[in-house]
Amino acid sequence: MRIRTELERILSAAVDDIWGDLVPEDFQVTVSGSDNLEFGDLSCQSPLKLARIVHDNPRKIASMIVDSIKKKLPGISGISVDGPGFINFTLSLPYLVSVSGMLASGGLKSLLPDIGNGRKALVEYVSSNPTGPLTVGHCRQAVLGESISSLLEATGWEVSREYYFNDTGRQMTLLGMSLAARYKAVDGGSAEIPDGGYHGDYITEWAHELRDEQGSGLSWENSSTEFITFARERAIGIIKSDLSLLNIEFDRYFAESELIPDAVRSTIDKLSSIEIDGKSLVYPDNDEAGKLWLRFTSLGRPSDRVIVRDSGMYTYRMPDIAYHIDKFSRGYDLMIDVFGADHLDTSKDVTAALEILLGSLAVSDRLRIIIHQFVTLVREGRKIKMSTRAGKFVTLRELIRDVGSVDVTKYLFLTRAEAHMDFDLDLARKESNENPVYYVQYAHARISGIMRTAKDAGISLPEEHAALSADLLDGEHERELMRLLELIPSRTAAAAEACEPHRLTEILADLATGFHRFYQYKRIVDTENPDASSARLMLCEACRRSISDLLEILGIDAPERM
RNA sequence: GCGCCCGUAGCUCAGCUGGAUAGAGCAGCGGACUUCUAAUCCGCAGGCCACAGGUUCGAAUCCUGUCGGGCGUACCA
């Protein structure tokens, strides 16, 4: 990791020396890992970009830069100018060995940059309202949010995980009414579930439980709060137990009803006091008294929205804005919202309102919204339409049962957030058996086995990797593996900064392939050559720890035996 | 209609934020177990990166348009 920034610094100084003011201040010299071994380990493509700026041949530029570097570069054993004007670097064997040694002894975290540096981050995800069990759609969000949280933690952030839910709106009323209807039916009464109400079987189960606890004396007319509260608590209980299947625990469940009583009111007041082009941001409805609109069009949004209905109830945008104000007031340096694609419009409105209230810089610096696309479920070759209200949906619980493994379920859902995902339930089980996650876990189990064998043979890891002679690891297979290991920290850090945990699955697959190949070609434990065995064991341990550290970030088990 | 996202191997997906011959896994074909776990390894085959233009030394990646698909366009959250 450090070697890249060091090289960038040295190259950048060279560019300054040669061209000086010709090159703009903000020009960045970049060094990245090469795709192909024949181009060295690290590569700099800046000469190609410089060509346009200083109007010269890129190859010549590259050569000029290389020639100007007199000092021997640390950790580098070779520099060349290749292709149209790339500068390629070869990492030295001692450097590679030392990186592997650090991974083996200190694990991945010892080499990850401290990006957060103890700063506080809040990640909000799932945030499904308590109206029933979590569905397949929430699964994607849960996996995404949780792994982003862990990734931030791994790079030095102090992370809080938060689940926000609305428990005061019309949906909760409908849920309570639906429960009341089912409750009435328990004793043979006629039950009409209201329009837009909930039809899931779980409501019927709750009705029986409520009947057992409270007898039959309740009715919607005399105890609506009772029904709503009961349903709310049951729903939250189900959600928490669904999340625990994925080993997810939130630091806080934040209910809308917990917002300080006048938080929403005072946010409206603040918005009302703002005028843009002589017009107040909040304005009353022409026809219906008490109804208020927010002039989102003045904030660059496509249309104005109702924020308070004539009944006096807020529409969902309003508490969301107040909730975010609350988050900002709690002093987080970074706030991440993970939402489904259906929230795109709302979240843009919320952001626009926050920018006018808190300043656009404060918002863009600290708030990051990650929108993931939906999961399309396929069964028997056909797409399944889901509806929580109608009680037609595949739950998270069913999904995990169908797939047959929590680890596989997580792995399957770790894909690029902005891409749509087709999930074929019929293939799930089959894919489960051949899932790449086992390939990675097997590498870990295999190495664990080698460790056991080594222990029995009396061979142990080198005491001090710095003292290890690099010559013991000068084979091409060793080098290939160490090169892969060297790339892990920077790849992981890049995934963290992009908030793209799915990239870790790629790193893991590369690492597992690298190890399996190495294993194929090299006998690790060889009692005839204890020193070389010990050195190779160090490489295995570097792989093992890297795999288990990466899997841990993804919340996936790293088994010692399979 | 308008806004956002997606379209890469038969299937599921990567492609490091413009670079050097487009990558995995599964499925297909052919090889490798007296040796630390064959849930593995090696090889073959498979692609006009939806389509058409543009930007430049250079495009799967950026821009415009077209065609497909998803989501939104609620006084539901």
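Within every chain, numbering begins at 1; the chains are lettered A, B, ... in the order of the sequence lines, protein sequences first and strands thereafter.
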Can you check whether [X] has a side-chain N or O nearer than 4.0 Å to OP1 or OP2 of [N]?
X         : N      : answer
Arg446(A) : A38(B) : yes
Tyr411(A) : C13(B) : no
Arg305(A) : A74(B) : no
Arg416(A) : A14(B) : yes
Gln45(A)  : G19(B) : yes

Within the 4.0 Å heavy-atom criterion, would you say [X] contacts the bases, only the backbone, or no part of the nucleic acid?
X         : value
Lys455(A) : nothing
Arg517(A) : sugar-phosphate
Asp285(A) : nothing
Ser43(A)  : base

- request: Measure from the side chain of Glu500(A), starting at C-beta and using heavy atoms only, and say which of G15(B), A14(B), C5(B) lies closest.
  value: G15(B)
message: Using the six-membered base ring of A20(B), report whether Phe86(A) stacks on it, requiring centroids under 5.5 Å and planes under 30° apart.
response: yes
Near-ring test Tyr125(A)/Phe250(A), centroid separation under 6.0 angstrom: yes
- prompt: Take atom CG in Asp195(A); do more than 12 heavy atoms of anything else shown fall under 6.0 Å from it?
  reply: no
message: One thing to verify: whether Asp41(A) and Arg479(A) come together as a salt bridge, which I'm taking to mean a side-chain N less than 4.0 angstrom from a carboxylate O.
response: yes
